[in-house]
Number of protein chains: 2
Amino acid sequence: MDDLKFTSKNCDDCPIRHRAVCARCEPGELTLLEEMKYYRSYEAGQPVVWAGDHMDFVASVVAGIATLTQTLEDGRTQMVGLLLPSDFVGRPGRTVAAYDVTAVTNLTLCCFRRKPFESMMDETPRIGQRLLEMTLDELDAAREWMLVLGRKTAREKIASLLAIIARREASLHLTRPSNGSSFELPLTRESMADYLGLTLETVSRQISALKREGIIQLEGKRKIIIPDFDRLQVETGDDTDGGFLA
Amino acid sequence: MDDLKFTSKNCDDCPIRHRAVCARCEPGELTLLEEMKYYRSYEAGQPVVWAGDHMDFVASVVAGIATLTQTLEDGRTQMVGLLLPSDFVGRPGRTVAAYDVTAVTNLTLCCFRRKPFESMMDETPRIGQRLLEMTLDELDAAREWMLVLGRKTAREKIASLLAIIARREASLHLTRPSNGSSFELPLTRESMADYLGLTLETVSRQISALKREGIIQLEGKRKIIIPDFDRLQVETGDDTDGGFLA
DNA sequence: TTTTTGCCTTGACGCAGATCAAGTGAGGTC
DNA sequence: GACCTCACTTGATCTGCGTCAAGGCAAAAA
């Protein structure tokens, strides 16, 4: 775990920046939240909760990456969400986890007990509004992923995933994805397969193919370099007019 | 179109029951909403909006069925949502439609101009709360569908769709899905294929197979009878312990 | 009545991706 | 140094579903 220092008593210099409850808040507005929050850490690979477990807290991701997955009885697994720092876990008004949550890397959560969080929400409409915004964004992401899962080829799926990670990586540095950008893959081949609705062998083969054709470069097994982002973008099968939503 | 009579001036006897804004509201609380609402009708097959269009209203479905779809440039189509009466269309804070919305049957929407709706939301936290709940439900549905799209076989996909429709149908009559229940399919084979990430031929073949094996019965092409709901449930591949979320 | 149109079914065939299986290579432990 | 394990790669084969093509049937149009 990183050496995060959790000393702040108000949101402005809170290092956590759990988007739902801290970003943009009025100074002093969230004193109660500050008082009821606490932290939990998980090792890479550890489960956070299992679907069906009782869950008496909601949380936001402080550091690390977690996944939301669903599993059929025969073991088939589908990842339904990827949780990055500032993402929200759990759902007000529900006491039972709907999905398996697993730490992919070492993970720190900033937790709030459910009950006080819910009454806080009642008193501070701002929190509910932020949560609504975030949930709508997640819904859009889920729907975009439905298109990927339902209609794209294995190759397009891989390209889509890489493009999404590259874009997200770039947005951390407040830039557009550019040529020559590189990043460390946070997921194993198997996790990628679970996200894309493929097998790990197919993931491996398609990554090899993209590499062979020079669309991506590999350093080791996990570091990806994208020499020409537009070329990768073409492989996703998406509209090329760069049409981001206004 | 049905002969709905839109005469009511408050929510209690409003025949519309747009869940987001009317259900459970305090009498008189939503007078402003009542004043700013208006209705639009669409014929079966008509587009409501195209992705990318400017959209100056939000709405809820009064009668009929609509679909949300996404399309790749080469024409591959994926349905990402099915809108039934009381479902909400559009999104506060966004002026551009993210998906194609199409009327499947004849359709009536109850619309609110965006601006007044948004200020109404600011003044009436209850509306935001309802919208958050609904959005979270939609998110769960989208994620459940990701599992269907990513990991289920064609046969399981069809069974899942039929089970969902049967359940929804039953809930309209406030019962659990029972043996011998029947319903009219609201979708063509092609729309089902778009929803399930299949081709219409595969949909047709799998429906024929389920019929041949007596798991479903057909009357005409659209009327489905389910002699034994548990047998259908088995075909979905889902957990059998009937585990609904608490 | 015949023709057209929209929606659906069924068959034959091919291929993308799953499955099964063997092998590689880096890091860790003894 | 020898051995193990874990993540990944690659090959051979199989198969579920897509693709292409030819009807069928009922309602609407002519």
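For the numbers below, each heavy atom of this structure counts, side chains included, while hydrogens, waters and symmetry mates do not. We name chains A, B, ... by the order of the sequence lines, and we start the count at 1 in each one. Bear in mind the structure is a predicted one, so any value in this text is a computation, not a measurement.
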- Message: Taking ring pair (Phe, Tyr, Trp, His ring centres under 6.0 Å) as the cut-off, I'd like each qualifying pair that reaches into residues 205-227 of chain B, sequence neighbours left out, listed once.
- Response: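 Sorted result for residues 205-227 of chain B: empty, none.
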- Message: According to ring pair (Phe, Tyr, Trp, His ring centres under 6.0 Å), does anything in residues 194-222 of chain A pair up with another residue at least two apart or in another chain? List the pairs.
- Response: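 For residues 194-222 of chain A: A:W145-A:Y195.
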Atom pairs under 3.5 Å, N or O on each side, protein against nucleotides 4-8 of chain C: can you list them with distances?
| residue | atom | partner | partner atom | Å |
| --- | --- | --- | --- | --- |
| C:dC8 | OP1 | B:R222 | NE | 2.8 |
| C:dC8 | OP2 | B:R189 | N | 2.9 |

- Task: Just jot down the salt bridge (charged side-chain N to carboxylate O under 4.0 Å, His left out) partners of A:R76, sequence neighbours excluded, or say none.
- Result: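 For A:R76, the residues satisfying salt bridge (charged side-chain N to carboxylate O under 4.0 Å, His left out) (neighbours in sequence not counted) are A:D74, B:E156.
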[X] versus [Y], closest heavy-atom pair with distance:
{"X": "A:Q206", "Y": "A:I158", "result": "CB-CG1, 3.8 Å"}
{"X": "B:G237", "Y": "A:L72", "result": "O-CD2, 3.6 Å"}
{"X": "A:P227", "Y": "A:G214", "result": "CG-O, 3.6 Å"}

Can you tell me how far [atom2] of [N] sits from [atom1] of [X], to the nearest Å?
{"X": "B:R151", "N": "D:dG16", "atom1": "CZ", "atom2": "P", "answer": "17 Å"}
{"X": "A:L149", "N": "D:dC17", "atom1": "CG", "atom2": "P", "answer": "16 Å"}
{"X": "B:Q206", "N": "C:dG11", "atom1": "CD", "atom2": "P", "answer": "14 Å"}
{"X": "B:L198", "N": "C:dG17", "atom1": "CG", "atom2": "C1'", "answer": "15 Å"}
{"X": "B:K152", "N": "D:dG16", "atom1": "NZ", "atom2": "P", "answer": "18 Å"}
{"X": "B:L210", "N": "C:dT9", "atom1": "CG", "atom2": "P", "answer": "12 Å"}
{"X": "A:I207", "N": "D:dT10", "atom1": "CD1", "atom2": "P", "answer": "11 Å"}
{"X": "B:R76", "N": "D:dT19", "atom1": "CZ", "atom2": "P", "answer": "9 Å"}

- Query: With sugar-phosphate meaning primed atoms plus P, OP1 and OP2, does B:G197 contact a base, only sugar-phosphate, or nothing at under 4.0 Å between heavy atoms?
  - Reply: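 If one applies the 4.0 Å heavy-atom cut-off, B:G197 turns out to touch the sugar-phosphate alone, with no base involved.
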Pairs under 3.5 angstrom, nitrogen or oxygen only, protein versus nucleotides 19-23 of chain C, please.
| residue | atom | partner | partner atom | Å |
| --- | --- | --- | --- | --- |
| C:dT19 | O4 | A:R205 | NH2 | 2.7 |
| C:dC20 | N4 | A:E201 | OE2 | 3.2 |

- Is A:R143 salt-bridged to B:E138, cutoff N-O under 4.0 Å?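 Between B:E138 and A:R143 there is a salt bridge, with a charged N closer than 4.0 Å to a carboxylate O.
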- Query: With the threshold set at 4.0 Å, does a side-chain nitrogen-carboxylate oxygen contact exist between A:D137 and B:R91?
  - Reply: yes
Shorter than 3.5 Å, N or O on both sides, protein versus nucleotides 14-16 of chain C: list them out with atom names.
none

- Message: Any donor-acceptor pair under 3.5 Å linking the side-chain atoms of B:S178 with those of B:S181?
- Response: no
- Taking atom CD of A:E169 as the centre, does the number of heavy atoms from other residues, nucleotides or ligands within less than 6.0 Å exceed 12? yes
- Message: Here's a test for you: under side-chain contact (heavy atoms from CB on, under 4.5 Å), which of A:K221, A:R155, A:R212, A:M192 qualifies with A:I207?
- Response: A:M192
